[in-house]
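Written out below as structure tokens is the structure these notes cover.
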Amino acid sequence: MPKATLMRRNRIRVWTGLLVLVAGCLSGCVTSSAQGVSVPPPTPSAPCAWWYGIGRPPTAGQIELAAKRYRFVVLNADQGAAMRRLHQLNPQVKVLVYKDLSSTRNYPGAVDGGRDAAFLPSGIGYVAAQQDHPDWFATDRNGRRIEWQGYPKHWQMTVWNPDYQQAWTDAVVAETIREGWDGVLADNDFNSLSHYSSAVLAGTANVAETDRKLRDGLDAFLSLTGDAFVKAGKLLVPNVSETHLVPGRWTAHSRFGGAMEENFGFREDGGTGGLLTFRGNEFQELRAQAALGESLLLLVTRTRNAREERAGYASAALLAGPRTCWTRATTDDYREPEWSTLQDSGLGEAVDAAGRLPNGVWTRTFSHGWVAVNTTAATQTVTPPEGLVEPGSPPPSPPPATPPTSPSPTPTPITLEAADAVVLVQPAKP
């Protein structure tokens with residue numbers, strides 16, 4: 001998926017019923033069992049780790065490490081053996097298969113020897129579409145097929161076509177069941193074609209109409225295929241983009257098992273502003289879904305430095321619920337398993353909901369630590385709880401034989417630069 005960019009606000013489609021339902025659980029809702037007995041919601045804990053392993057085939061060593069480290073893993077469709085090995089090593093790990101909603105592809109590996117590969121990165125093979133349904137290839141106003149810029153031999157498909165939607169759904173559900181995947185990571189549930197192409201779709205007058213046609217098509221597509229996956233007992237997790245622009249879109253598209261945010265904690269204005277995740281309605285929707293604990297939040301922060309890593313992890317901790325998972329990405333191709341030492345920080349369970357201070361800093365307390373995130377574009381100050389240290393700090397020195405009679409010192413305020421964060425934990429025992 002492309003990096004998030006600020007765009008002019010698109011037509012807002014508010015999924016009112018869904019938002020009201022989810023928002024009602026922001027402050028400690030309870031769920032009811034089949035017998036009508038109220039039970040407390042699942043316990044929110046520090047973000048779990050997950051692996052977006054689509055860059056290249058994993059090694060045996062990587063699979064063994066993944067079984068110990070990760071709660072969720074995404075692999076390419078031709079890695080069924082790796083999926084089964086993961087299940088063997090740790091039956092608790094959920095493994096999703098990568099499938100693209102919006103394109104078909106004819107690069108080597110997707111098409112070999114003039115034939116579609118047995119296991120595709122998409123739902124519909126290029127050769128099959130070319131032979132049987134050439135009308136499923138999207139075209140511009142000049143009748144030309146649309147190849148994605150920056151992604152050679154990726155071809156935009158007519159995601160609004162009910163026949164394409166049904167064929168994709170039938171093929172992917174059948175493969176998921178047959179091969180034993182726990183569900184699907186459905187890529188490119190995007191908000192705008194402009195990240196991939198400047199083309200205007202045939203039958204539309206301009207870019208805005210093109211994007212609206214795609215979004216409306218993907219709304220219907222997700223409803224159709226999501227119902228099929230639920231019926232099959234499998235997860236459907238779309239990689240849904242730019243939900244800060246369209247209130248209700250995250251909530252609607254995550255209702256079949258969860259959703260992925262590939263630009264979580266992304267800094268706006270070319271890296272000079274605040275955190276884009278907190279813009280618009282996105283954070284509120286993510287927070288509501290996390291509180292319910294019924295769907296996955298698969299969060300990816302693209303990190304080039306320690307500040308971005310802290311901001312991503314701490315922002316995920318603000319959302320931490322029973323099924324909130326975070327990873328960082330230091331490359332665009334996901335060629336290596338990613339791990340952050342912050343994932344070993346030991347925050348524990350959340351003991352309160354995330355709260356926002358008047359200066360725009362968000363904080364949250366955990367059983368063994370505390371996080372603060374400056375989501376703004378200006379430097380801010382925040383005072384942490386007493387006695388906490390940065391993860392990895394050496395154990396404190398033993399206390400003196402005679403305790404001091406002076407009162408405990410007041411915690412020192414922390415200055416947070418724009419879009420920075422701090423993660424503090426209880427000190428290790430000496």
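The first residue in the sequence is number 1, and the count goes up from there.
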Distance-only polar pair, side chains of Thr330 and Arg328, donor-acceptor under 3.5 Å: no

Side chain proximity check, Phe278 to Thr376, heavy atoms < 4.5 angstrom: no

Side-chain (Thr210) to main-chain (Leu201) donor-acceptor, under 3.5 angstrom: yes

Audit row: Tyr151, Ser103, side chain to side chain contact (heavy atoms under 4.5 Å, CB included) steps and yes/no: CA-CA 11 Å; Tyr151 296 88; Ser103 77; over 6 Å; no

Polar side chain donor-acceptor pair, Thr251 to Glu285, under 3.5 angstrom: yes

Test side-chain hydrogen bond (donor to acceptor under 3.5 Å, both in side chains) applied to His244 and Glu268, step by step: CA-CA 12 Å; His244 61 281; Glu268 58 186 327; over 6 Å; no

Distance in Å, Thr375 OG1 paired with Gln380 CD, rounded so as to fall on 0.5 Å steps: 8.5 Å

Gln284 side chain near Pro247 side chain, heavy-atom distance below 4.5 Å: no

Closest non-hydrogen atom pair, Asn191 against Arg215: OD1-CD, 2.9 Å

Residue pair Gln92 / Arg71, side-chain heavy-atom distance below 4.5 Å: no

Donor-acceptor under 3.5 Å (Arg105 side chain, Ser122 main chain): no

Distance in Å, Asn239 CG paired with Met260 CE, rounded so as to fall on 0.5 Å steps: 4.0 Å

Least distance between heavy atoms, Val373 atom then Ala314 atom: CG2-CB, 3.5 Å

CD on Gln426 to CG on Leu347, rounded to 0.5 Å: 10.0 Å

Spacing of OG1 belonging to Thr225 relative to CD belonging to Gln165, to within rounding of 0.5 Å: 9.0 Å

Side chain to side chain, Glu390 and Leu424, heavy atoms closer than 4.5 Å: yes

Donor-acceptor contact present, side-chain Thr158 to main-chain Trp136, <3.5 Å: yes

Side-chain heavy atoms of Glu309 within contact of Leu342, under 4.5 Å: yes

Modelled atom types, side-chain donor and acceptor of Arg85 and Gln88, under 3.5 Å: yes

Donor-acceptor contact present, side-chain Thr324 to main-chain Leu319, <3.5 Å: yes

Nearest heavy atoms of Trp181 and Asn76, plus distance in Å: CH2-O, 3.5 Å

Residue pair Phe283, Ser315: steps toward the side chain to side chain contact (heavy atoms under 4.5 Å, CB included) verdict: CA-CA 10 Å; Phe283 184 72; Ser315 295; over 6 Å; no

Residues Phe229, Phe256; criterion ring-ring contact (aromatic ring centres under 6.0 Å, His included); working and verdict: CA-CA 8 Å; Phe229 274 94; Phe256 302 108; 9.2 Å; no

Mutual orientation of the aromatic rings belonging to Tyr196 and Phe190 [parallel < 30°, tilted 30-60°, perpendicular > 60°]: perpendicular

Ring geometry between Tyr126 and Phe137 (parallel below 30°, tilted from 30 to 60°, perpendicular above 60°): perpendicular

Atom pair CH2/CH2 of Trp51 and Trp339 - distance to nearest 0.5 Å: 13.0 Å

Whether Trp50 and Tyr52 hold their rings parallel, tilted or perpendicular, with breakpoints at 30° and 60°: tilted

Donor-acceptor contacts, no H, no angles, side chain residues 172-179, under 3.5 Å, sequence neighbours left out:
from, atom 1, to, atom 2, distance (Å)
Glu175, OE1, Lys99, NZ, 3.0
Glu175, OE2, Lys99, NZ, 3.2
Thr176, OG1, Val172, O, 2.7

Donor-acceptor under 3.5 Å (Thr301 side chain, Phe264 main chain): yes

Under 3.5 Å donor-acceptor, Asp227 side chain and Leu224 backbone: no

Candidate pair Arg212 and Thr204, rule side chain to side chain contact (heavy atoms under 4.5 Å, CB included), full reasoning: CA-CA 9 Å; Arg212 186 159 55 246; Thr204 66; over 6 Å; no

Test log, rule side-chain hydrogen bond (donor to acceptor under 3.5 Å, both in side chains), inputs Asp189 and His253: CA-CA 9 Å; Asp189 179 12; His253 287 215; 2.6 Å; yes

Closest heavy-atom pair and its distance - Pro44, Ala320: CB-O, 3.3 Å

Atom pair CG/CG of Leu193 and Asp140 - distance to nearest 0.5 Å: 10.0 Å

Short side-chain to backbone donor-acceptor contact, Ser102 and Asn188, under 3.5 Å: yes

Asn106 side-chain N/O to Val111 backbone N/O, donor-acceptor pair under 3.5 Å: no

Val371 backbone acceptor or donor facing Arg364 side chain under 3.5 Å: no

Shortest non-hydrogen contact from Asp182 toward Val95: OD2-N, 2.7 Å

Beyond-backbone contact of Val240 with Leu218, side-chain heavy atoms, under 4.5 angstrom: no

Short N-O contact, Arg302 and Glu262, less than 4.0 angstrom: yes

Close side-chain approach of Thr341 and Pro391, heavy atoms under 4.5 Å: no

Step-by-step side chain to side chain contact (heavy atoms under 4.5 Å, CB included) determination, Arg69 to Gln343: CA-CA 10 Å; Arg69 278 184 169 177; Gln343 289 166 316; over 6 Å; no

Heavy-atom pair of closest approach, residues Thr277 and Leu286: CG2-CD1, 3.9 Å

Side-chain H-bond candidate by donor/acceptor type, Thr379 with Glu417, under 3.5 Å: yes

Heavy-atom check, side chain of Pro121 versus side chain of Tyr107, under 4.5 Å: yes

Under 3.5 Å: donor-acceptor pair, side chain of Glu147, backbone of Lys153: yes

Any side-chain donor near an acceptor of the partner, Ser241 and Arg249, under 3.5 Å: no

